[in-house]
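Before any comments, here is the structure.
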Amino acid sequence: MATERYNPRNCEPRWQTAWDEAGLFAARNDDPRPKYYVLEMFPYPSGRIHIGHTRNYTMGDVVARYRRARGYNVLHPMGWDAFGMPAENAAIQNNIHPKAWTYDNIATMRTQLKMMGLSLDWSREFATCDVDYYHRQQVLFVDFFEKGLVARKTSKVNWDPVDHTVLANEQVIDGRGWRSGAPVETRELAQWFFRITDYADDLLQSIEGLDEWPEKVRLMQRNWIGRSEGLLIRWPLVDGTAPAGESELEVYTTRPDTIFGASFMAIASDHPLARKAAEGNAELAAFIEECRRMGTSVAALESAEKKGFDTGIRVRHPFDADWTLPVYVANFVLMDYGTGAIFGCPSGDQRDLDFANRYGLPVVPVVMPHDADAASFQITEEAYVDDGVMINSRFLDGMRPAEAFEAVADRLAGETLNGRPMGERRVNFRLRDWGISRQRYWGCPIPMVHCQACGVVPVPKADLPVTLPEDVDFSQPGNPLDRHPTWRDVACPTCGGAARRETDTMDTFVDSSWYFARFTAPQENDPTDRAAANAWLPVDQYIGGIEHAILHLLYSRFFTRAMRDTGHLDLAEPFKGLFTQGMVVHETYRAGDGRWLAPSEVRVSGGEGGRSAVEIETGQPVTIGGLEKMSKSRKNTVSPEEITDSYGADTARWFMLSDSPPERDVEWTDDGAAGAHRFVQRVWRLVGEAAPGLAGVAPAAAHDGAAAAVSKAAHKALKAVGEDIERLAFNRAIARIHELVNALQGPAGALGGDAALAPALRQALEMLVHMIAPFMPHLAEECWAALGGTDLVAARPWPEHDPALVVDDEIVLPVQINGKKRGELTISRAADQVTVERAVLELDFVRRALDGAAPRKVIVVPQRIVNVVA
RNA sequence: GCCCCUGUGGCGGAAUUGGUAGACGCGACCGACUCAAAAUCGGUUUCCGCAAGGAGUGCCGGUUCGAGUCCGGCCAGGGGCACCA
């Protein structure tokens with residue numbers, strides 16, 4: 001009997017309604033079962049969902065559905081990271097209000113997400129641009145401020161001198177403003193900072209406990225925090241060379257052992273000494289100006305050509321009053337790290353060596369390999385950075401660098417300059433405080449007031465929220481809040497006099513640093529319901545892109561600590577398990593005139609080395625480009641509708657998790673989607689055709705006879721699929737399910753004869769339905785109904801496997817001779833090492849290989865392999 | 001420039017974490033069914049070789065009875081670098 005094709009377009013909305021009506025996915029805070037919080041990084045509402053987004057949410061959904069089946073009270077919420085620059089750009093370009101643009105996008109994207117059949121708790125949804133949300137963020141800011149976790153300092157921004165606006169690093173292209181094309185300048189602005197450095201040591205040490213995070217992310221965070229132990233050295237300035245009032249230069253170094261290899265000092269272009277020196281030196285001032293035009297991005301600074309300028313200032317060597325060294329301003333020294341000044345030791349650092357070679361400075365080797373000859377050891381083009389022996393270093397000669405470090409530190413601690421020790425041991429962090437001020441409209445207003453009389457004061461909590469005005473003008477560049485006719489004017493909360501609101505808004509990273517906590521009680525009047533936050537947090541499984549490995553995750557870790565210290569919750573680490581997934585990529589298409597074309601506008605033909613494409617509308621040939629991350633600008637996006645309309649959500653879900661391991665990129669291909677859909681139909685046929693013969697049959701495992709193969713296949717797959725889902729190895733789980741379907745195909749067509757087959761097959765199919773349910777929930781429901789089920793699979797528990805059915809009595813051991821596989825041995829699983837060894841030596845090919853001689857060694861790895869060493 | 005990651009058939013990838021390299025899928029080819037096509041089902045598919053056999057996990061070297069997996073050195077591609085989110 002022919003089974004009708006499965007029609008997702010009819011079935012999927014029906015089951016989505018059934019789940020909704022049963023209220024299966026709304027998590028209750030008073031549920032007594034153990035909790036499980038699974039969260040995908042929430043999306044920025046850029047316009048439309050593309051298939052890349054849905055991969056992320058599908059992974060979370062598989063975990064959520066699996067954990068529900070395992071008896072957990074699952075929290076799986078969704079929201080919108082809704083503040084940010086693109087909304088303002090849309091306002092400028094298309095004359096649409098950022099708020100309207102954002103909420104329109106959210107509405108579109110919510111509809112798209114709902115088509116995917118995700119088991120989300122929509123009752124907890126919010127957007128970070130909702131007043132209700134940013135109101136509580138302002139409360140947190142005020143609490144942090146009162147706790148001393150907020151600082152006001154100056155920092156540098158990219159300044160567009162034509163548009164008179166601050167530019168994001170992304171808006172600086174090759175040193176020029178993206179709209180005006182003018183070379184950018186660096187400006188100092190007073191800004192708000194969160195004191196994340198107060199937690200530097202804790203954030204570093206606690207990485208140790210994040211054992212469910214990828215090792216690479218932990219490493220990146222460690223390096224980012226960048227704890228180092230070094231020495232602060234005060235170098236005396238040579239009288240007559242230094243600007244008035246300056247008598248020393250502070251340098252932080254992690255290599256004080258190389259102090260006798262020093263040949264120059266280098267200071268940042270915005271170092272106070274550089275500024276003073278430039279006052280009477282036009283050429284130096286011009287050089288500093290040039291440095292300022294590089295913008296504020298570290299990547300741009302450090303990859304630029306290394307340049308320096310001799311200030312004319314000289315320092316005296318701490319261990320030799322007759323030894324003077326020049327002080328350069330260098331474009332690669334950062335004011336933000338250490339003291340903004342270094343001493344250069346060319347022989348021990350490649351960058352210093354390149355600098356010395358460029359400016360004709362001495363190169364004295366001070367560390368050499370243990371086996372080198374001190375008299376002839378030289379450094380010319382390549383610095384020696386490894387461990388070794390000190391040379392040319394007076395009292396340090398013969399020591400190892402680590403000993404020399406201590407010796408220099410001890411000696412300089414005893415010398416004084418201007419009443420302070422010349423050397424002090426210091427722990428330094430690379431991590432800087434988090435600057436959160438943005439000179440933009442579409443963000444959370446910073447709830448502070450500037451009063452002439454009282455200074456800067458926070459807005460009282462009773463007066464919060466400070467809401468964004470809606471009547472704003474985007475016709476000119478810059479922050480519309482600055483130009484608003486009335487919004488800035490406010491009475492000082494302290495003295496009642498005329499005062500001005502802060503017009504900067506918060507970095508959008510602030511919004512995403514605590515949304516996971518808000519989800520635990522999104523209606524609460526306070527930022528959190530402390531009991532709910534403590535009960536649900538930490539997030540058990542957090543899933544998102546590797547691009548967030550450092551900033552977002554580090555900021556969230558800081559925020560959780562700051563919220564703990566201001567009484568909003570009682571834990572330090574927000575994310576117990578972290579998974580970083582890969583992107584969905586697609587090849588790109590370009591018409592002859594350079595236009596990018598969407599996959600839907602192109603017809604691709606041919607295979608095997610000769611793929612070609614034409615534009616459907618014009619029939620003109622199209623250039624096929626490389627695989628790239630799906631993006632609007634390249635038009636290489638595939639929308640979920642394109643798939644759900646023809647194949648259904650289950651096919652899209654299945655395909656996105658097949659093949660590629662979730663942490664790696666996956667290429668979206670039409671063939672792959674079609675293949676996934678064939679599997680959907682295959683499962684449907686398998687169940688549909690067997691169902692009539694299984695009506696009224698009670699499921700039962702078969703332990704003997706031919707039907708046992710069916711039970712063994714099912715129980716083995718069930719165990720493996722559960723384990724794979726727990727390890728987030730979705731591609732392997734899917735391969736297992738394929739194998740099971742392959743194994744069941746034959747028996748399903750051969751019902752009758754063996755009386756044990758029908759119960760075994762029924763059980764196997766029921767297990768199969770539960771295994772596919774996290775991946776293809778709609779199909780699972782349809783199959784379950786076909787088998788006579790009257791409840792929802794989404795509400796059913798995960799089946800249990802029988803341990804007796806997942807082990808085989810006989811095993812096949814590969815047999816190697818000298819490490820190369822030459823054959824196999826089939827033997828009882830219970831056989832001991834001696835029995836295995838004896839059986840192996842009896843094998844024909846082994847006897848032939850040994851040719852009568854005794855083996856030198858036989859290595860038996862139990863249940864794995866045998867290696868005969870001849 | 002600095003930090004981190006990845007590299008396996010025509011393609012995506014698997015390999016119980018040092019133990020049979022290529023599971024599973026895609027594509028391709030052959031066959032069955034069909035008047036025919038689609039759909040479906042069965043088979044073949046790392047490379048060289050008729051075969052026996054040999055080679056093989058980006059490249060070079062090392063450790064080991066045994067290396068895709070560990071170590072050293074390269075090459076190529078990707079992510080991040082603090083105002084993209």
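Throughout, a chain's letter reflects where its sequence line sits, starting with A, and its residues are numbered from 1.
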TODO: Sequence neighbours left out, what pairs pass side-chain hydrogen bond (donor to acceptor under 3.5 Å, both in side chains) with at least one residue falling in residues 81-91 of chain A?
DONE: none
Task: Test ring-ring contact (aromatic ring centres under 6.0 Å, His included) applied to A/Phe332 - qualifying residues, sequence neighbours left out - done: A/Phe355
Open item on the list: Enumerate the side-chain hydrogen bond (donor to acceptor under 3.5 Å, both in side chains) contacts for residues 670-680 of chain A, please, sequence neighbours excluded, ordered by first and then second residue.
Closed with: A/Thr651-A/His677, A/His677-A/Gln681
Open item on the list: Test of understanding: with side-chain hydrogen bond (donor to acceptor under 3.5 Å, both in side chains), list the residues that count as partners of A/Arg440, not counting sequence neighbours.
Closed with: none
Open item on the list: Can you list everything that forms a side-chain hydrogen bond (donor to acceptor under 3.5 Å, both in side chains) with A/Thr580? Sequence neighbours excluded, please.
Closed with: none
TODO: Not counting sequence neighbours, which residues clear salt bridge (charged side-chain N to carboxylate O under 4.0 Å, His left out) with A/Arg438? List them please.
DONE: A/Asp507
Open item on the list: Any residue in residues 216-224 of chain A with a heavy atom nearer than 4.0 angstrom to RNA chain B? Just list them by number, or reply none.
Closed with: A/Lys216, A/Leu219, A/Met220, A/Asn223, A/Trp224
TODO: Could you encode protein contacts along nucleotides 60-74 of chain B as a string, one character per nucleotide from 5' to 3', using B for base contact, S for sugar-phosphate-only contact and - for no contact, with a heavy-atom cut-off of under 4.0 Å?
DONE: -----BS--------
- [ ] Return the set of residues passing side-chain hydrogen bond (donor to acceptor under 3.5 Å, both in side chains) with A/Asp387 (not counting sequence neighbours), or none when no residue passes.
- [x] A/Arg400
Task: Selection residues 811-822 of chain A - residue pairs positive for salt bridge (charged side-chain N to carboxylate O under 4.0 Å, His left out), sequence neighbours left out - done: A/Lys821-A/Glu824
TODO: Starting at the 5' end of RNA chain B, write a dot or bracket for each base, bracketing those in Watson-Crick or G-U wobble pairs whose two distances are under 3.5 Å and using | for partners on another strand.
DONE: (((((((..(((......[....)))((((((.......))))))(((....)))..(((((..]....))))))))))))....
Open item on the list: Taking side-chain hydrogen bond (donor to acceptor under 3.5 Å, both in side chains) as the definition, give me every residue that meets it alongside A/Asp724, ordered by chain and number, with sequence neighbours left out.
Closed with: none
